[in-house]
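Whatever order the structure lists ligands and atoms in, that order sets their numbers, starting from 1. Heavy atoms only: backbone and side chains are in, while hydrogens, waters and symmetry mates are out.
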Amino acid sequence: MKRYSRITGTGSYLPPRRLTNADLVTQLAAAGVETSDEWIVERTGIRARHFADDGVFSSDLALEAAKNALQAAGRSAKDVDLIIVATSTPDMVFPSTACILQNKLGANGGAAFDVQAVCSGFVYALTVADAMIQTGAAKCALVVGAEIFSRILDFKDRTTCVLFGDGAGAVVLEASDKPGILASDLHADGKHVGILCVPGHVSGGAILGDPLLKMDGQAVFKLAVGLLESAARATLAKANLTDADIDWLVPHQANIRIMQSTARKLKLSMDKVVVTVGEHGNTSAASIPLALDTAVRAGQVKTGETLLLEGVGGGFTWGALLLIL
Ligand code: UT7
């Protein structure tokens, strides 16, 4: 009998400090940076984001999301034999945020590692966990996206600092004889490293280069709209399904205009798209599991429905994943 992997629980967590566009506009104005609520809403759909307080790390956000996902799955930490954390804002250079999370959860002993694919990280991590479950390398995985992007934002650069937020989302993925994850399609093209990056690094006890986020927004936008459609189509083809089989699109939450464009290309009405960018901003690897958990808990997305997850991000990386919830 074929061995599948299925999501058995979802969870998420947002740090309590919420900044509306108005809060951010006031804060930036004090530093001489001019922006407006109108610009941010019109160009991105973002109305608010959450920022973690000093002393809080990605593993702390991941821990809360993971606990919620385990509770929803009716599992405890001791059932988990694999933890994958997708993050570009790890607690430390090493060890991985997954190992730190494992210890905080008290789930010690199974495999634990991070995946670094920026905003595509959750789709990458879920694909790896699915493969490990299918081969029998794992039985019960915790797959998490957790980010504190507020720490790598340049608050003098209005083209990027208004876009991102902090948060975490998680799923419990378990072996099953019934189909859950149906297919996925992952890609990267390293020639686009420079259009979205944090170029600094640690060397000899010092930070060399600029450790803040740089993005050529228009270049990312143009690449994203084309690549998301091709990854979505390739994933559907692998599962022998078509656009019409998608109940819900759960896209990376970067910009409402990118989501509208993808929905149009897949002939999906916006009623079929989970949109949380307004309240979360772009939380990079956390955005898809945050959106998924929000939709599940709101009763919007239901067990048995077919979901297409998709994301693009620094690298350049992109991918899509189709599943039955
Ligand atoms: O998560 C990884 C993937 N990331 C993404 O998907 C992001 C993709 N890119 C985008 O979402 C959009 O390109 C942005 C939201 C970043 C920018 O939107 P845009 O429509 O591409 O704006 P633009 O860069 O063409 O800028 C238009 C104008 C410029 O002024 P001029 O040159 O027309 O006078 C900018 O200087 O808007 C100006 N501008 C701002 N104005 C007020 C840029 N940022 C701001 C701002 N407030 N925060």
Side-chain angles (χ1 to χ4, degrees), residues 19-49 86-89 116-124 145-150 152-167 169 187-189 192-198 212-229 231 249-263 273 275-278 280-291 309-320:
L19 274 88
T20 62
N21 287 348
D23 297 331
L24 194 59
V25 168
T26 308
Q27 190 179 301
L28 292 173
V33 176
E34 197 189 317
T35 183
S36 66
D37 174 50
E38 294 71 31
W39 190 95
I40 302 169
V41 172
E42 191 186 305
R43 301 287 176 135
T44 71
I46 298 168
R47 295 179 185 276
R49 73 287 291 140
T87 186
S88 299
T89 48
Q116 162 57 293
V118 201
C119 303
S120 313
F122 188 74
V123 175
Y124 267 66
E147 302 280 16
I148 303 194
F149 258 54
S150 58
I152 53 166
L153 294 177
D154 178 354
F155 286 97
K156 293 194 177 62
D157 177 7
R158 68 177 184 172
T159 69
T160 54
C161 73
V162 300
L163 305 175
F164 295 89
D166 304 338
H187 297 275
D189 186 348
H192 299 296
V193 163
I195 63 171
L196 179 48
C197 59
V198 176
L212 299 176
L213 184 145
K214 313 275 164 237
M215 179 168 74
D216 177 344
Q218 283 193 9
V220 171
F221 194 106
K222 276 183 205 144
L223 267 177
V225 291
L227 295 173
L228 286 172
E229 185 193 8
L249 178 65
V250 189
H252 170 48
Q253 306 284 317
N255 187 320
I256 187 71
R257 292 185 291 143
I258 297 177
M259 294 183 244
Q260 287 163 340
S261 156
T262 309
V273 183
V275 178
T276 53
V277 70
H280 300 167
N282 180 346
T283 58
S284 192
S287 94
I288 293 173
L290 254 167
L309 280 43
E310 41 107 55
V312 290
F316 212 67
T317 56
W318 66 98

message: What verdict does the side chain to side chain donor-acceptor pair (under 3.5 Å) test give for Thr262 and Glu229, after you've listed the backbone C-alpha separation in whole Å, the side-chain angles of each residue and the deciding distance to 0.1 Å?
response: CA-CA 6 Å; Thr262 309; Glu229 185 193 8; over 6 Å; no
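Taking the six-membered ring for Trp and thresholds of 30 and 60 degrees, His187 and Trp318 have nearly parallel ring planes, at less than 30 degrees apart.
Within the structure, side-chain hydrogen bond (donor to acceptor under 3.5 Å, both in side chains) contacts touching residues 212-222 (residues at least two apart or in different chains) are Asp210-Lys214.
Shown here are the side chain to side chain donor-acceptor pair (under 3.5 Å) partners of Asp23, two or more places apart in sequence or in another chain: Thr20. For Thr160, the side chain to side chain donor-acceptor pair (under 3.5 Å) criterion is met by Asp157, not counting sequence neighbours.
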Expected rows: ligand 1 N/O, protein N/O, dist below 3.5 Å:
unit_1: ligand 1; atom_1: 1 (O); unit_2: His252; atom_2: NE2; d: 2.8
unit_1: ligand 1; atom_1: 1 (O); unit_2: Asn282; atom_2: ND2; d: 2.6
unit_1: ligand 1; atom_1: 9 (N); unit_2: Gly217; atom_2: O; d: 3.0
unit_1: ligand 1; atom_1: 11 (O); unit_2: Asn255; atom_2: ND2; d: 2.7
unit_1: ligand 1; atom_1: 13 (O); unit_2: Gly217; atom_2: O; d: 3.2
unit_1: ligand 1; atom_1: 18 (O); unit_2: Arg257; atom_2: NH2; d: 3.3
unit_1: ligand 1; atom_1: 20 (O); unit_2: Arg43; atom_2: NH1; d: 2.9
unit_1: ligand 1; atom_1: 20 (O); unit_2: Arg257; atom_2: NH2; d: 3.0
unit_1: ligand 1; atom_1: 22 (O); unit_2: Arg43; atom_2: NH1; d: 3.4
unit_1: ligand 1; atom_1: 25 (O); unit_2: Gln218; atom_2: NE2; d: 2.4
unit_1: ligand 1; atom_1: 36 (O); unit_2: Arg158; atom_2: NH2; d: 3.2
unit_1: ligand 1; atom_1: 37 (O); unit_2: Trp39; atom_2: NE1; d: 3.0
unit_1: ligand 1; atom_1: 41 (N); unit_2: Trp39; atom_2: NE1; d: 3.3
unit_1: ligand 1; atom_1: 47 (N); unit_2: Thr35; atom_2: OG1; d: 2.7
unit_1: ligand 1; atom_1: 48 (N); unit_2: Thr35; atom_2: OG1; d: 3.0
unit_1: ligand 1; atom_1: 48 (N); unit_2: Arg158; atom_2: O; d: 2.8

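Side chains of Glu147 and Thr283: a donor-acceptor N/O pair is absent below 3.5 angstrom, by distance only.
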